[in-house]
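Just so it is clear: chains get the letters A, B, ... in the order the sequence lines come, proteins before strands, and each one is counted from 1.
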Amino acid sequence: MARRYWLLKSDPDTFGLPHLRRSKNRTTCWDGVRNYQARNLLRDQLQVGDGVLFYHSRAAPPAVVARAKVVRAGYPDPEQFRPSSEYFDAQSERGAPRWFAVDIQLERELDRPVTLPQIRETAGLEEMVLVKRGRLSVQPVTPTEWKIVLALGKRR
DNA sequence: GCCAACGTTGGC
DNA sequence: GCCAACGTTGGC
C-alpha cells in the first residue's frame, strides 16, 4: 500500500514535542485515544512508514510542530487495562480490546511551527480535516497537504 | 477557564 | 428509534 499521511493531535501539557524528543529512540506509544472515529483509523488504517504531522492542540496558537512516522501499526492500547491509569476502561476486555494505539518516531522538528491560523489562510489547505472539522485527534492528510504544510515549516 | 461542537448514553 | 442529558475535545 502506498505511504499515507496523518495528523495526530497531542496536548503539549500532557505529551508535547519536548517529551517526544526525550523519549527513547525518539519513539513513543501514542495512546489515550478515546474516540471511536480516531480509534478506527488507528486500528485499521495507520501503517508502518506512514508520515505523521505532530500537532499541538490546546496551545496558543495550536500548531504542527514536527514530522514523525509510524513505526508500529495499531495494537491494543495497554492503558485501557491498567486500573490506575486515567485511560482505564473497565468495559474493555483483553479478548476484545476497545482502544488502540500506534508507535510513532520523531523524524524532524519543523524550523518553525505551522500554526492553525496560518493553515486556515493558506491556499490548498482549505479542505484539511483540521479546518473543516475540529475535534478529531487522528485525521488523514493528503499528499498535497503534507507537502504544503512541511514547506511552510521550513526556515525562509 | 469558558463554552461550542460533537459524540455517546440511556430513558422512554 | 428518538432525543435530552451528559461528557469530551479543543479553539479561543
Query raised in the report: Between B:dA5 atom P and A:Lys9 atom NZ, what is the distance in whole Å?
Result: 15 Å
Report task. Measure the distance from CZ on A:Arg34 to C1' on C:dT9 and round it to the nearest whole Å. Result -> 14 Å
Could you list the donor-acceptor pairs under 3.5 angstrom formed between side-chain atoms of residues 6-16 of chain A and any protein atom two or more places apart in sequence or on another chain?
residue: A:Trp6; atom: NE1; partner: A:Asp50; partner atom: OD2; Å: 2.9
residue: A:Ser10; atom: OG; partner: A:Phe15; partner atom: O; Å: 2.5
residue: A:Asp11; atom: OD1; partner: A:Asp13; partner atom: N; Å: 2.9

Query raised in the report: Quick one: A:Trp99 CH2 to B:dT8 C1', roughly how many Å, whole number?
Result: 10 Å
Report task. Answer yes or no: is there a side-chain heavy-atom contact under 4.5 Å between A:Leu106 and A:Leu17? Result -> yes
**Report entry** Spacing between A:Asp89 atom CG and C:dT8 atom C1', to the nearest angstrom
**Finding:** 14 Å
Requested in this report: May I have the distance from A:Arg98 (atom CZ) to B:dT8 (atom P), rounded to whole angstrom?
Outcome: 11 Å
**Report entry** C:dT9 OP1/OP2 closer than 4.0 Å to side-chain N/O of A:Tyr36
**Finding:** no
**Report entry** Rounded distance in Å - CD (A:Gln37) to P (C:dT9)
**Finding:** 14 Å
Query - Rounded interatomic separation in angstrom, taking CZ from A:Arg135 and C1' from B:dC2 - result: 12 Å
Requested in this report: Mind calculating the distance between CE (A:Met128) and C1' (C:dG10) to the nearest angstrom?
Outcome: 16 Å
Query raised in the report: Tell me, do A:Phe100 and A:Asp77 make a side-chain contact under 4.5 Å, heavy atoms counted?
Result: no
Report summary line: Heavy-atom nearest nucleotide on DNA chain B taken for A:Arg133 and for A:Arg58; more 5' hit belongs to A:Arg58
Query - Carboxylate-amine/guanidinium contact A:Arg21 A:Glu109, below 4.0 Å - result: yes
